[in-house]
Amino acid sequence: MATAVFFHAHPDDESLSTGGTMLLASRAGHRVVLVCATDGSQGETPGLAGSEAPTSEELAAIRAAELAAAADLLGVHRLVMLGYRDSGMRGDPANDDPDCFWQADVDEAAGGLAAILAEEQADLVTCYDANGTYGHPDHVMVHRVGVRAAELAGVGLVYEATLHRDHFRASMKELMRLAAEAGFDLSGDQDQAEFEAELDEGSIGVDGALVTHHIDVRTTLDRKRAAFRAHASQIPSDSFMVALPEGAFELAFGTEWFIRRGHLAADPVATDLFAALEQPSGPLAAS
Ligand SMILES: [Zn+2]
């Protein structure tokens, strides 16, 4: 059995982007380690609307508890907080906080993660694609620090979690229809409009042809949805993210996507992050 380290930016990213993959790995008997870079203290709190806004310290404590609950649901064996402050969205004054992840020295932060990789004798590590999926400073740093840490610790199997742009472009209409059927009219929703604009301009996710691994996580969706619910400060219980009917939830969250670093997608695409440990060969990327 192998050990996989999943490196993420904020509490909730693990559930949204690799939650099913972690649970499948855990169920298959692998050791699953979750490392979270920041405390999530700059996140908005739509799930706490109506009550007094928490201070950043209070929010960090709330989010740490939510993360621990989600990690339990997702079969995580060990959860490590790397201890950086949330940098906030690009352009936010929090970007300048000397203790935030965006201001961290990449080699120093990578040293911290590399120590965990070495201690765990990690067989593989996941980070994000080079744009951090959607450009958030902390997500871009997860890419840089994850890649560097793997080099430092000599972990050769690195996966970049990403979003398959073409999947969402192709299924958006159907997703909207299923959501509308369930009473969620997303046609005037600002977040939804932003998401679609980002898909169109190519600032979110990657071209689907670059995705080497499609992980079918449909058997984990009950738990994955419960993990979303565990992040109650971020995802209100009545939001479409957790309340979508099964078919729509499956369309949006039933597959998780990764790029095996240094590799091109094969045909058919790979479906298991761990198979490479048995068969290390594969088409090498030219770059
Ligand atoms: Zn995040």
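What you see below is based on every heavy atom in this structure, not just the backbone, and it leaves out hydrogens, waters and symmetry mates.
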Worksheet item: Around E108, counting heavy atoms of other residues, nucleotides and ligands shown, do more than 12 lie under 6.0 Å from its CD?
Response: no

Item to complete: Please name the pair of heavy atoms, one in D107 and one in R148, separated by the smallest distance, quoted to 0.1 Å.
Response: OD1-NE, 2.7 Å

Worksheet item: Any idea how Y84 and F101 line up, ring-wise: parallel (<30°), tilted (30 to 60°), or perpendicular (>60°)?
Response: tilted

Worksheet item: Linking I/L/V/M/F/W/Y whenever their side-chain heavy atoms sit closer than 4.5 Å, directly or via other members, would V125 and V147 fall into one cluster?
Response: no

Discussion item. Regarding R63 and D39, does a basic nitrogen lie under 4.0 Å from an acidic carboxylate oxygen?
Written reply: no

Discussion item. Measuring only between side-chain heavy atoms, which start at C-beta, is H10 closer than 4.5 Å to D138?
Written reply: yes

Discussion item. If we ignore hydrogens and angles and just use 3.5 Å, is the side chain of Q42 paired with the main-chain N or O of A94 as donor and acceptor?
Written reply: no

Discussion item. Tell me whether R223 contacts the main-chain N or O of L73 through its side chain, where contact means a donor paired with an acceptor under 3.5 Å.
Written reply: yes

Worksheet item: Going by heavy atoms in the side chains, are D216 and T271 under 4.5 Å from each other?
Response: no

Discussion item. Given 3.5 Å as the limit, does a donor-acceptor pair link the side chain of S171 with the main chain of E174, or not?
Written reply: no

Discussion item. Strictly distance-based, threshold 3.5 Å: is any side-chain N or O of T162 a donor or acceptor partner for the main-chain N or O of G205?
Written reply: no

Item to complete: Give the cluster check for M81 versus F6: same hydrophobic cluster or not, with ILVMFWY residues linked at side-chain heavy-atom distances below 4.5 Å.
Response: yes

Worksheet item: Does the side chain of E58 reach to within under 4.5 Å of the side chain of E52, using non-hydrogen atoms?
Response: no

Discussion item. Let's go through M1 and R31 carefully: what are the C-alpha distance in whole Å and the side-chain angles of both, what is the deciding distance for side-chain contact (heavy atoms from CB on, under 4.5 Å) to 0.1 Å, and is it a yes or a no?
Written reply: CA-CA 8 Å; M1 288 297 118; R31 179 167 168 81; over 6 Å; no

Item to complete: Tell me yes or no: between the side chains of T220 and R27, is some donor less than 3.5 Å from an acceptor?
Response: no

Worksheet item: Do the side chain of H8 and the main chain of C36 share a donor and acceptor less than 3.5 angstrom apart?
Response: no

Fill in: Contact summary for A9 and Y128, nearest pair of heavy atoms
N-OH, 3.1 Å

Practice prompt. Could you give me the CA-CA distance, side-chain angles and deciding distance for V106 and M141, then say whether side-chain contact (heavy atoms from CB on, under 4.5 Å) is met?
Written response: CA-CA 8 Å; V106 169; M141 280 295 275; 4.1 Å; yes

Worksheet item: Would a hydrophobic clustering, with Ile, Leu, Val, Met, Phe, Trp and Tyr connected at side-chain separations under 4.5 Å, put L16 with L24?
Response: yes

Worksheet item: Counting distance only, does the side-chain N/O of D166 pair as donor-acceptor with the main-chain N or O of G208 below 3.5 Å?
Response: yes

Item to complete: Give a yes or no answer on whether the side chain of E256 reaches the backbone of G19 with a donor-acceptor pair at less than 3.5 Å.
Response: yes

Worksheet item: Is there a side-chain contact between L199 and M172, using heavy atoms and a 4.5 Å cut-off?
Response: yes

Worksheet entry | ILVMFWY network linking V142 to V76, side-chain heavy atoms under 4.5 angstrom | no

Worksheet item: What's the verdict on side-chain contact (heavy atoms from CB on, under 4.5 Å) for H167 and T255, showing C-alpha distance, side-chain angles and the deciding distance?
Response: CA-CA 10 Å; H167 167 80; T255 307; 5.5 Å; no

Worksheet entry | Criterion side chain to side chain contact (heavy atoms under 4.5 Å, CB included) against M22, the qualifying member of E14, H77, H30 | E14

Practice prompt. Identify the two heavy atoms, one from H231 and one from A70, that lie closest to each other, and give their separation to 0.1 Å.
Written response: NE2-CB, 3.5 Å

Item to complete: Look up atom OG in S41 and atom CG in D99, then write down how far apart they are to the nearest 0.5 Å.
Response: 10.0 Å

Give every donor-acceptor pair under 3.5 Å between a side-chain atom in residues 234-253 and any protein atom, sequence neighbours left out.
from, atom 1, to, atom 2, distance (Å)
Q234, NE2, E44, O, 3.2
S239, OG, P236, O, 3.1
S239, OG, M241, N, 3.4

Worksheet entry | Rounded distance [0.5 Å steps], NE2 in H213 versus CG in L273 | 5.5 Å

Item to complete: Determine whether V217 and L23 make a side-chain contact, defined as any pair of heavy atoms from C-beta on separated by less than 4.5 Å.
Response: no

Fill in: Min side-chain heavy-atom separation S56-R85 under 4.5 Å
yes

Discussion item. Can you see whether W102 has R90 sitting over its ring - NZ or CZ less than 6.0 Å from the centre and within 45° of the normal?
Written reply: yes

Practice prompt. Evaluate the ring planes of F258 and Y159, with Trp represented by its six-membered ring, and classify them as parallel (under 30°), tilted (30 to 60°) or perpendicular (over 60°).
Written response: perpendicular

Worksheet item: Hey, is CD on E181 packed in by over 12 heavy atoms from elsewhere, all under 6.0 Å?
Response: yes

Discussion item. Using the rule that Ile, Leu, Val, Met, Phe, Trp and Tyr join whenever any side-chain heavy atoms are under 4.5 Å apart, tell me whether F7 and L157 fall into a single cluster.
Written reply: no

Worksheet entry | Where A153 and L117 come nearest, the two heavy atoms and their spacing | CB-CB, 3.8 Å

Discussion item. Measuring from atom OG1 of T18 to atom CG of L74, what distance do you get when rounded to the nearest 0.5 angstrom?
Written reply: 8.0 Å

Worksheet entry | Flag side-chain contact, heavy atom, 4.5 Å: Q103 against P98 | no

Worksheet item: Any donor and acceptor pair, going by atom type alone, linking the side chain of R165 with main-chain N or O of G202 inside 3.5 Å?
Response: yes

Worksheet entry | Pairwise side-chain contact, Y134 with H139, heavy-atom cut-off 4.5 Å (strictly under) | yes

Item to complete: Starting at OG1 of T38, measure out to CG of L82 and round the result to the nearest 0.5 Å.
Response: 9.5 Å

Fill in: Side-chain donor or acceptor of D123 paired with backbone N/O of T3 under 3.5 Å
yes

Worksheet item: Looking only at heavy atoms, which two atoms of G88 and N95 are closest? And how far apart?
Response: O-ND2, 3.6 Å

Worksheet entry | Nearest heavy atoms of L48 and P54, plus distance in Å | CD1-CG, 3.9 Å

Item to complete: State the OG1-NZ distance between T21 and K224, to the nearest 0.5 angstrom.
Response: 7.0 Å

Fill in: Inter-residue atom distance T133.OG1 - H143.NE2, 0.5 Å rounding
10.5 Å

